[in-house]
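The structure appears right after this line, and notes come after that.
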Amino acid sequence: MPETLEPHYDHLKTEEKIYRLWEGSGYFSPDKLPSKKTAKPFTVMMPPPNANGSLHIGHAVGITLQDVMARFARMRGKKTLWLPGADHAGFETQVVFDKKLEKEGRNSDALHGRSSDTEGRRSRFTMSREELWKEIWDFTQTNKKVMENQLRKLGASCDWSREKFTLDPDIIKTVYETFERLYKDGLAYRDLRVVNWCPKHRTALSDLEVKYIEREDPLYYIKYGPLTLATVRPETKFGDTALAVNPKDKRYQKYIGKVIEARGILGPLKFKVIADDAIDPKFGTGVVKVTPAHDPLDFEIWQRHKNEISGPKVIIDESGRLTGEVGEFKGLKVSEARQKVSEAMEKIGILEKTDSHYKHQVATCYKCGNILEPLPKPQWFIRMTEKPRQVSSDKRQASGKSLRDLGIDAVKSGKIKIYPKRTEKVYMHWLKNIRDWNISRQIVWGIRIPAWFREISNIKDQRSKIWDLKIYDGRKTFEALKNGKKRVETRAGKPQGAEKDWRSFKIGDVINFSLVEEGTERILSNEVITKEIVSIHHFRTIDELLSKFDVNEIHPYHPTEYRSWWESRPIFKKRIKKYGIWAFELQDVNEKTQEIYVGIAPPSGEGWVQDPDVFDTWFSSGQWPFATLLANKKGDTRHVTRDMRRKSDFEEFYPTDVMATGYDILFFWVARMVMLGLYRTDKVPFKNVYLHGLVRDKDRQKMSKSKGNVVDPLGVAEMYGADALRMALVVGNTPGNDIAISEDKIRGYRNFATKIWNASRFVLMNRPSKMPKIIKLSAEDKKNIAGVIKAKAAVAKYIEKFEFHLAAEKAYHYFWHTFADKIIESYKPRLRGEEFFASGAAMRPSGHGLPQSGESEAESPVNIHARDVNGSQKQKILADQLAAYHTLETILLESLKMLHPFMPFVSEEIYGKLNPGKLLIIEKW
RNA sequence: GGGCAAUUAGCUCAGUGGUAGAGCGACUCGUUUACACCGAGUAGGCCGCUGGUUCGAUCCCAGCAUUGCCCACCA
């Protein structure tokens, strides 16, 4: 029995009912879909929303677009997987939680809860790391639940059975494996660097998390003996270790290499003047103070001049206050110190002048806006521009490309397409200029870095010295030096800037090495190892050497290969015969007194302490596409596919088809996923990237809680219906461009939902109790049916081209202004059977043209009316009415399919009335 | 300092080498049972400016102006 539609569409009741129906059907999961064996998979990864709040309207945009794709793919018969998840969102969540604690009047310092901190800061904090972790964990789990329900309200057709959280053990395991592999490949390294330090949050940030703002500050001109330099940071003068000029600067030639004496606030000072290309002679006076501890550029200058000047002298602590040898300025905040120091300098007459309106860019924390303090900190970095070191035992298909090149080539080759296309340029530009990525965060909430340290004094004495063995080939080495090449050593390192050959080294000399890649001699690291020669030995043969030293054991870089490497090369045998072997016993003079272990599980042995730091969230979310799919292993009975062969999710659904996310995280997330995905799987993580815009309010303002203009998608959905909200978010939303959303617009699409409802209601009202098998359609009927098929094809094409705004608009326009306004209107007379009668008003039927449900044929209006006509005419009328109805129903059905990806609830509800017991969600498109 | 975009109706935005489009808003008319959360209409545009290419430019090219965004270690 055909059902009728209520006069009023109740979206609230319907949406809840329909979602339950869908979820109960299991069709959100590809395992339950009635797709053919040959069906192609279609995979979309949901960008995991941060589990530190509820969904906002921006999420709703992405969710809607993904749902459109997923539903469309499903209707197209594809094995569709849309995998949902949530992100622990390390730093972001900590910041949110920090504010929450503050509001509750609790000590927000607890945030850092680092009871296992190696830096002995425990006393500052009231909560242990574990306690804090537990609280944030509960906090995120609560939020996660809320978000899941919000997703349901939006109609998200994602596979809940495969839902993942970034802190699930299997995800963490994959992340650990990646890190271990990066470490073994020489692409993850720990190094002391000047990092972007936020004094408020007390953590380092990556370059991307730095927000530069323009500021006007005084530029101070300070006299350092005979020289004058310009600086905006006089307070860092206590950390100065040198002065620098450009090597080509004629004015200062005579000072280069000299030590100058200067007056300082705390007494006389001596600085060496060095020459470095990084100095711009045109800025200020062309003289710069070198403060390696508190300026990233100065730190690099120091690294280039390690032999000449001393290194970082820390005078600012983690809270942004002066510390160390700073006299009476100790404990002052940087801003206060700047004022006081400049006054003191003026007093003793070394402040020459002050430009008070110097405009420059200042690095601030993107979250709190506080000025970042560059501080030297040992951190984990990912090397972006170097090739992975070959690991001999590793048979995997290594592309041998740097992470950067993996990212560039994927897009250049077209394996990944980015929409809109112009963002490909932006992406390329960013990658070309990329620098190493700091992945350490000094916070609690996150995936703890699987690295362990222990003091080197804990282990065998012999290992406390790092040995390096050299074959000295006098002639060749000498030539290399004469040619101006600094490289002397071919294998493990090179003395940097040592204008000596090996013969002239003596005990006590300090030399710098950097690691070079075997074979290619590419520099693997800008990590410089400083070593002191503690003894020098000379041997005539390898045997003689081995009688004294166990080379296999003592060589730090390639322990098992050393001897065979040597013996395999006849050239060395010759050289050894001629010159012998020099062995330099080298003592590490860096502060690197720690041994590092990286692995999935803690190392065995005494004294290991795990790194208290956690990964940058993007390091783990950058692995999301494959980590989630790998989590469902082969043979997992929950996901047995329909064909007998069991495929793991990774095999079946990777690479994914589309990544839809906001353009604001192109670098943070998309680029990292590309690089890490290719690095781990040798395949692109997704074939297409669709970047949608950000949602603005009707005045084009960015939404923010402080402005009070945030739109709660759920509130809107409750008022106007999820379908209306979805439509409003899709129409007029072009890739890469921000979208303005207003209540008017949403209301407009609520009206559309009503329109769909009413038009369908009208069609159903005319539904006959039974339809004959054969219906003769008129030319007009055929034309109209062809019309909807054409519209549907156009919509499909738009969706396939990621032109969702056009697809939605087309569907909208067709339904309302073609189907409802024109076709239905023009069919009304036929439904009433009017065409067969003279125009006399008295003869017109008063009711609907076709038998209603519950009415017997004899009582139906058609028959009542048809009493006045003869039998064959009656048959003709009936046949035409049926044809008209059939046409309308066909068009309606096709329209519902066409609308379903965009407005799933109302379309499903009506479809259910037309076809009781069937679901539109898996109806063939 | 580099780069990317935008500039079209009152507003928000689509779009195309040939007659300029939608939604909302405005105005006029219309309540015949699908729908007033409606229908039929109307008005409103040197498609930022200046050149060039072209038979023809809102579209392609160059320059300019304005706006926005992204990137960048000149202290």
For B:rU66 versus B:rA75, give the span between their P atoms, rounded off to a whole number of Å. 26 Å
Under 4.0 Å between a side-chain N/O of A:S742 and OP1 or OP2 of B:rU12, yes or no? no
Under a 4.0 Å N-O cut-off, is there an ion pair linking A:K421 with A:E424? yes
Pairwise C1' distance for B:rG52 and B:rG39, with rounding to whole Å: 49 Å
Whole angstroms only, please: what is the CD-C1' distance between A:E809 and B:rU16? 15 Å
At under 4.0 Å between heavy atoms, what does A:T734 touch on the DNA or RNA strands: base, sugar-phosphate, or nothing? sugar-phosphate
Over all heavy atoms of both residues, which pair between A:V194 and A:P296 is shortest? Give the atoms and the distance, please. CG1-N, 3.7 Å
Using the test side-chain contact (heavy atoms from CB on, under 4.5 Å), find all partners of A:A811 that sit at least two apart in sequence or belong to another chain. A:V795, A:M898, A:L899
How would you summarise protein contacts on nucleotides 36-43 of chain B per nucleotide, using B for base, S for sugar-phosphate only and - for none, with heavy-atom distances below 4.0 Å? -BSSS---
Output the rounded distance in Å from CD1 (A:I739) to P (B:rA22). 20 Å
In whole angstrom, give me the gap between the P atoms of B:rA20 and B:rC24. 23 Å
Classify A:L806 by what it touches in the nucleic acid, base, sugar-phosphate, or nothing, heavy-atom distance under 4.0 Å. sugar-phosphate
Heavy-atom pair with the smallest gap, counting every atom of A:I316 and A:L375: O-CD2, 3.4 Å
Interatomic distance where CD1 belongs to A:I746 and P belongs to B:rU12 [whole Å]: 17 Å
Test: salt bridge (charged side-chain N to carboxylate O under 4.0 Å, His left out). Region: residues 277-298 of chain A. Which pairs qualify, not counting sequence neighbours? A:D240-A:K289
By the 4.0 Å heavy-atom rule, please label A:A363 as base, sugar-phosphate, or nothing. nothing
In whole angstroms, the gap separating P of B:rG15 from NZ of A:K801 amounts to 11 Å
Kindly give the atom pairs (protein nitrogen or oxygen, nucleotide nitrogen or oxygen) under 3.5 Å for nucleotides 26-31 of chain B.
none

Main-chain N/O of A:V695 paired with A:D738 side-chain donor or acceptor, under 3.5 Å: no
So, A:R233 and A:E373, do they make that salt bridge, N to O below 4.0 Å? yes
Closest contact, heavy atoms only, A:I371 versus A:R215: CD1-NH1, 3.5 Å
B:rU54 versus B:rC59 - spacing of their P atoms, nearest Å: 16 Å
Side-chain donor or acceptor of A:E803 under 3.5 Å from a matching atom on the base of B:rA14? no
Under 3.5 Å, which N/O atoms of the protein pair with N/O atoms of nucleotides 72-75 of chain B?
unit_1 : atom_1 : unit_2 : atom_2 : d
B:rA72 : N6     : A:Q361 : OE1    : 3.3
B:rC73 : OP1    : A:R435 : NH1    : 2.8
B:rC74 : O2     : A:D280 : OD2    : 2.5
B:rC74 : N3     : A:D280 : OD2    : 3.0
B:rA75 : OP2    : A:Y358 : OH     : 2.5
B:rA75 : O2'    : A:T231 : OG1    : 3.3
B:rA75 : N6     : A:D280 : O      : 2.7
B:rA75 : N6     : A:F283 : O      : 3.4
B:rA75 : N1     : A:D280 : N      : 3.3

Sequence neighbours excluded, which residues qualify as side chain to side chain donor-acceptor pair (under 3.5 Å) partners of A:E803? none
Residue list, ring-ring contact (aromatic ring centres under 6.0 Å, His included) with A:Y798, at least two apart or on another chain: none
Take atom C1' in B:rU67 and the same atom in B:rC73, then report the distance between them in whole Å. 29 Å
For A:W757 and for A:D744, locate the closest nucleotide of RNA chain B by heavy-atom distance; then report the residue assigned to the nucleotide nearer the 5' terminus. A:D744
Can you find a donor-acceptor N/O pair under 3.5 angstrom joining the side chain of A:K828 to the base of B:rA34? yes
Is RNA chain B part of any stem, that is, at least 3 consecutive Watson-Crick or G-U pairs with both distances under 3.5 Å, and where? B:1-7 with B:65-71, B:10-13 with B:21-24, B:26-30 with B:38-42, B:48-52 with B:60-64
Above 12 or not: heavy atoms from other molecules or residues under 6.0 Å from NZ of A:K272? yes
Give A:F667 one of three labels, base, sugar-phosphate or nothing, depending on what nucleic acid heavy atoms sit under 4.0 Å from its own. sugar-phosphate
Rounding to the closest angstrom, what is the interatomic distance between B:rG45 and B:rA9 at atom C1'? 6 Å
Just how far, in rounded Å, is P of B:rA6 from CG of A:L694? 17 Å
If you measure from the P atom in B:rC61 to the same atom in B:rG68, how many Å do you get, rounded? 25 Å
Closer than 4.0 angstrom, basic N to acidic O: yes or no for A:E825 and A:K828? yes
Categorize A:H805 for me: base, sugar-phosphate, or nothing, with a 4.0 angstrom heavy-atom threshold over every strand shown. sugar-phosphate
Once salt bridge (charged side-chain N to carboxylate O under 4.0 Å, His left out) is applied, do any residues pair with A:D355, and if so which ones, sequence neighbours excluded? none
For A:E889 and A:Y885, test the side chains for any donor-to-acceptor distance below 3.5 angstrom and give the result as yes or no. yes
Is any side-chain heavy atom of A:P735 closer than 4.5 Å to a side-chain heavy atom of A:F802? no
Quick check with a 6.0 Å cut-off and a 45 degree axis cone: is A:R383 positioned over the face of A:W437's six-membered ring? no
In residues 812-821 of chain A, what donor-acceptor pairs under 3.5 Å come from side-chain atoms, sequence neighbours left out?
unit_1 : atom_1 : unit_2 : atom_2 : d
A:H817 : ND1    : A:D821 : OD2    : 3.0

Between atom CD1 in A:I823 and atom P in B:rC35, what is the gap in whole Å? 20 Å
Rounded to the nearest Å, what distance is computed from the NZ atom of residue A:K810 to the P atom of nucleotide B:rG23? 14 Å
Would you tabulate the pairs of protein nitrogen or oxygen atoms and nucleotide nitrogen or oxygen atoms of nucleotides 2-4 of chain B closer than 3.5 angstrom?
none

Can you tell me how far P of B:rC70 sits from CG of A:D664, to the nearest Å? 9 Å
The side-chain contact (heavy atoms from CB on, under 4.5 Å) partners of A:N758 (sequence neighbours excluded) come to A:T754, A:R761
C1'-based separation of B:rC55 from B:rU50 [nearest Å]: 23 Å
